[in-house]
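Accompanying notes for the structure given below.
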Amino acid sequence: MTNRPLVQRGVLIGSIALVVLAAAFAAVFGIWWANASGDDADVRRAREEVSTTGAAAVATLTSLDFNNVDATYQRFLDVSTGAVHDDYAKNQDAFKKRISDAKVVTTAAVRETAVTDVNLQKKVATIMVVVDTTVKESDKPPTTKRLRIEAALDQTDNGWKVNALRQVPYSATGQQ
């Protein structure tokens, strides 16, 4: 009977040890979870910024105005980086002449935007944008065409900028 207090004390010490161990695990995994959810919030904010900025950039890059070539050209430079920006910069005269000669005003309206990828470590993102472009030539009625554009963006010191564009084939529901 003298062993009974020792057994009770052992159970008590074991219980306390289990509680302390459980609390330590809870603290460690709670901190780990909080840090992970902070990363999710950063990605969520970046996705929103990429969506908004990228959609506006695609609208800019699919809008032309032969009446205001210099402003159109400057807007293209403002929203682009990398190869896209370099191409516009080194072909400035040809670009401006092409817009002037076309005698076209093209306006773009973004209908849908989807962020398909964001990598904050590499500072890159990809979006898919559905744009309705309305083309008005001086002697013809306006025509509207729906485009799907995939845009690659880089995060620069001045925000997200388009570094690549490509048109993705589009077919409306029920059409081939």
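When a residue number appears, it is its place in the shown sequence, counting from 1.
The shortest heavy-atom contact between Ile99 and Phe66 is O-CB, 3.3 Å. When every heavy atom of Leu77 is checked against every heavy atom of Ala89, the shortest pair comes out as CD2-N, 4.0 Å. For the pair Asp65 and Val105, the tightest heavy-atom approach, listed with the atom from each and the gap, is OD1-CG2, 3.5 Å. The heavy-atom pair separating Asn119 from Lys122 by the smallest distance is OD1-N, 2.9 Å.
With Ser51 contributing its side chain and Arg47 its backbone, the two residues share no donor-acceptor pair below 3.5 Å. Looking only at distances, no side-chain donor or acceptor of Thr72 sits under 3.5 Å from a matching main-chain atom of Leu64. No donor-acceptor pair under 3.5 Å is formed between the side chain of Tyr73 and the backbone N or O of Asp93. No donor-acceptor pair under 3.5 Å is formed between the side chain of Lys123 and the backbone N or O of Thr156.
The salt bridge (Lys or Arg N to Asp or Glu O under 4.0 Å) pairs that include a residue from residues 149-159 are Glu150-Arg166, where partners are two or more places apart or lie in different chains.
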Show, in sequence, the C-alpha distance, side-chain angles and deciding distance for Val50 and Ile127, and conclude whether the side-chain contact (heavy atoms from CB on, under 4.5 Å) test is met. CA-CA 8 Å; Val50 164; Ile127 61 172; 3.4 Å; yes
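Judged purely by distance below 3.5 Å, without hydrogens or angles, the side chains of Gln74 and Asp70 never pair a donor atom with an acceptor atom.
Partners of Thr81 under the side chain to side chain donor-acceptor pair (under 3.5 Å) rule, at least two apart in sequence or in another chain, do not exist in this structure.
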Just list the side-chain donor-acceptor pairs under 3.5 Å for residues 129-137, sequence neighbours left out, or say none.
from	atom 1	to	atom 2	distance (Å)
Asp132	OD1	Arg146	NE	2.6
Asp132	OD1	Arg146	NH2	3.2
Asp132	OD2	Arg111	NE	2.9
Asp132	OD2	Arg146	NH2	2.9
Thr133	OG1	Lys145	O	3.2
Thr134	OG1	Thr144	OG1	3.2
Lys136	NZ	Lys140	O	2.7

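Using a cutoff of 4.0 Å between basic side-chain nitrogens and carboxylate oxygens, Arg45 and Asp42 are scored as salt-bridged.
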